[in-house]
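Scope of the values below: all heavy atoms of this structure, side chains included, with no hydrogens, waters or symmetry mates.
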Amino acid sequence: MKTIAASPLHAVTPEDILQDDQNQLEINGTFYRKGTIAAFLRNAHFWCQDTVPPDQKQALTQTLQELTPALAALGVFDVFEIRDERLRALVSKVINQGTEPV
């Protein structure tokens with residue numbers, strides 16, 4: 001498995017991050033599964049909708065809490081701002097307090 005430095009000195013392409021035959025990435029000793037960012041975005045999209053039933057909202061909340069530390073470690077929230085205030089509060093709470101249920 002290829003290890004990627006946290007601070008590249010050149011432009012990074014998708015192929016630099018993960019080859020087609022790789023399913024996870026190691027950054028500074030932590031492993032990240034392919035699709036983590038896409039899964040977070042898809043779940044966040046549904047989580048922000050007011051029409052989501054409470055049981056599904058709870059499942060989405062748990063998954064978002066589990067995925068948030070990986071996105072934070074990858075620096076996603078250093079580059080992108082979450083527009084939805086409720087989602088921003090959830091992510092902030094997880095980052096500041098760990099992944100305990102909100």
Spell out, as yes or no, whether a donor-acceptor pair under 3.5 Å connects the side chain of E81 to the backbone of F77.
-> no

T68 side chain to L64 backbone, donor-acceptor under 3.5 Å | yes

Going from [atom1] on [X] to [atom2] on [Y], what distance comes out if it is rounded to the nearest 0.5 angstrom?
{"X": "L60", "Y": "R42", "atom1": "CG", "atom2": "CZ", "result": "11.0 Å"}
{"X": "L71", "Y": "I95", "atom1": "CG", "atom2": "CD1", "result": "9.0 Å"}
{"X": "C48", "Y": "E85", "atom1": "SG", "atom2": "CD", "result": "11.0 Å"}
{"X": "N23", "Y": "F31", "atom1": "CG", "atom2": "CZ", "result": "13.0 Å"}

Those residues at least two apart in sequence (or on a different chain) that pass salt bridge (charged side-chain N to carboxylate O under 4.0 Å, His left out) with R86 are D50, D84

Side-chain donor-acceptor pairs under 3.5 Å in residues 32-40, sequence neighbours left out?
residue: K34; atom: NZ; partner: Q22; partner atom: O; Å: 2.7
residue: T36; atom: OG1; partner: R33; partner atom: O; Å: 2.6

Apply side-chain hydrogen bond (donor to acceptor under 3.5 Å, both in side chains) to the pair Q62 and Q58, showing each step before the final yes or no.
-> CA-CA 6 Å; Q62 181 176 346; Q58 181 56 39; 5.2 Å; no

Residues at least two apart in sequence or cross-chain that pass side chain to side chain contact (heavy atoms under 4.5 Å, CB included) with Q49, listed by chain then number, are H45, F46, T51, V52

